[in-house]
Amino acid sequence: MIEMERRNIFLDDVRPGPEDHILVKIAEECILLLEDDQHVSHLSLDHDLGSKKSNGFEVVLYLLENNQYPDRITIHSANAAAGKKMYQHLLEGKRKGTLPERVKVTLRPLPLTFS
């Protein structure tokens with residue numbers, strides 16, 4: 001059995017990413033990584049990315065529209081309303097059968113600064 005390389009992506013323009021994650025700061029860069037067909041184990045998404053034009057919700061829409069799903073998706077946005085919207089949209093995808101049941105979806109807001 002061939003072992004697939006694990007890839008983790010952390011989308012955030014302010015927080016440092018975990019050591020075992022690729023840090024990306026804009027939604028477009030995150031989508032480019034998802035488009036290259038390499039398996040993603042964990043995708044952690046922030047909503048507010050310092051741009052009025054681009055945010056983490058675009059990545060959620062991309063996932064659902066293109067049937068590309070990591071093993072786990074964490075919404076870590078400190079923006080409570082936007083983070084909940086992203087999370088609910090993913091859960092709705094599960095209810096509709098668009099998002100496979102095997103994908104674990106978590107809402108886990110992180111503070112903007114770590115001490």
Side-chain angles (χ1 to χ4, degrees):
M1 187 169 162
I2 298 172
E3 180 69 27
M4 258 194 276
E5 184 180 326
R6 298 264 178 219
R7 178 186 246 185
N8 301 312
I9 302 170
F10 190 83
L11 173 65
D12 203 302
D13 65 324
V14 176
R15 298 172 191 86
E19 282 187 26
D20 63 341
H21 285 60
I22 299 166
L23 175 63
V24 291
K25 296 183 180 235
I26 59 174
E28 294 82 0
E29 188 179 3
C30 186
I31 290 169
L32 284 173
L33 284 174
L34 293 166
E35 284 177 340
D36 78 5
D37 289 331
Q38 188 172 344
H39 179 74
V40 176
S41 294
H42 182 227
L43 176 63
S44 191
L45 300 172
D46 187 18
H47 182 273
D48 301 345
L49 300 173
S51 165
K52 300 273 188 240
K53 298 180 209 167
S54 175
N55 60 55
F57 191 70
E58 290 177 35
V59 178
V60 169
L61 293 176
Y62 171 83
L63 292 170
L64 294 171
E65 289 168 4
N66 292 278
N67 299 320
Q68 285 192 301
Y69 307 112
D71 298 330
R72 293 184 302 129
I73 303 168
T74 301
I75 306 301
H76 69 256
S77 182
N79 179 333
K84 189 170 184 179
K85 177 183 173 187
M86 292 167 68
Y87 178 70
Q88 292 296 338
H89 207 72
L90 289 167
L91 292 183
E92 182 62 24
K94 274 193 175 193
R95 281 190 287 278
K96 290 180 177 178
T98 310
L99 182 68
E101 276 301 315
R102 67 168 174 80
V103 178
K104 182 177 179 183
V105 179
T106 308
L107 178 61
R108 199 170 143 222
L110 292 176
L112 289 174
T113 56
F114 299 99
S115 3

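Keep in mind that what you see is a predicted model, and the values were worked out from it rather than measured. Heads up: numbering here begins at 1 and tracks the sequence.
In the hydrophobic clustering of ILVMFWY residues, with side-chain heavy atoms under 4.5 Å counting as a link, Leu45 and Ile22 come out together. Val60 and Leu91 fall within the same hydrophobic cluster, where Ile, Leu, Val, Met, Phe, Trp and Tyr residues are linked whenever their side-chain heavy atoms come under 4.5 Å apart, directly or through other members. Put simply, Ile9 and Val103 are part of the same group of oily side chains (I, L, V, M, F, W, Y) that touch within less than 4.5 Å, one to the next.
The side chain to side chain donor-acceptor pair (under 3.5 Å) with Asp12 is formed by just one residue from the set His47, His21, His76; it is His76.
Heavy-atom contacts from other residues, nucleotides or ligands closer than 6.0 Å to NZ of Lys94 number more than 12.
Here the shortest heavy-atom pairing between Pro18 and Phe10 reads CD-CD1, 3.5 Å. For Leu11 against Cys30, the heavy-atom pair with the smallest separation is CD1-CB, 4.2 Å. Smallest separation of non-hydrogen atoms from Gly83 and Ser77: CA-CB, 4.2 Å.
The structure places OG of Ser44 at 7.5 Å from CD1 of Ile75, a figure rounded to the nearest 0.5 Å. If you take CG on Asn8 and CD on Glu19, they are separated by 12.5 Å, rounding to the nearest 0.5 Å. Rounded to the nearest 0.5 angstrom, Glu101 CD and Arg95 CZ are separated by 10.5 Å. Taking NE2 of His42 as the reference point, atom CZ of Arg72 lies at 4.0 Å (rounded to 0.5 Å). Separation of atoms OG1 (Thr74) and OH (Tyr87) is listed at 10.5 Å; rounding is to 0.5 Å.
Between Val105 and Leu99, some side-chain heavy-atom pair lies under the 4.5 Å cut-off. The side-chain heavy atoms of Glu28 and Ile31, taken from C-beta on, include no pair separated by under 4.5 Å.
The closest donor-acceptor contact from the side chain of Asp13 to the backbone of Gly50 lies under 3.5 Å. Side-chain atoms of Arg15 never come within 3.5 Å of backbone atoms of Asp46 as a donor-acceptor pair (strictly under, hydrogens ignored).
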With a cut-off of 3.5 Å and sequence neighbours excluded, list every side-chain donor-acceptor pair involving residues 61-71.
{"unit_1": "Tyr62", "atom_1": "OH", "unit_2": "Gln68", "atom_2": "OE1", "d": "2.4"}
{"unit_1": "Asn66", "atom_1": "ND2", "unit_2": "Tyr62", "atom_2": "O", "d": "2.9"}
{"unit_1": "Asn67", "atom_1": "OD1", "unit_2": "Tyr69", "atom_2": "OH", "d": "3.1"}
{"unit_1": "Gln68", "atom_1": "NE2", "unit_2": "Leu34", "atom_2": "O", "d": "3.0"}
{"unit_1": "Tyr69", "atom_1": "OH", "unit_2": "Thr98", "atom_2": "O", "d": "2.9"}
{"unit_1": "Asp71", "atom_1": "OD1", "unit_2": "His39", "atom_2": "NE2", "d": "3.4"}
{"unit_1": "Asp71", "atom_1": "OD2", "unit_2": "Arg6", "atom_2": "NH1", "d": "3.2"}
{"unit_1": "Asp71", "atom_1": "OD2", "unit_2": "His39", "atom_2": "NE2", "d": "3.0"}

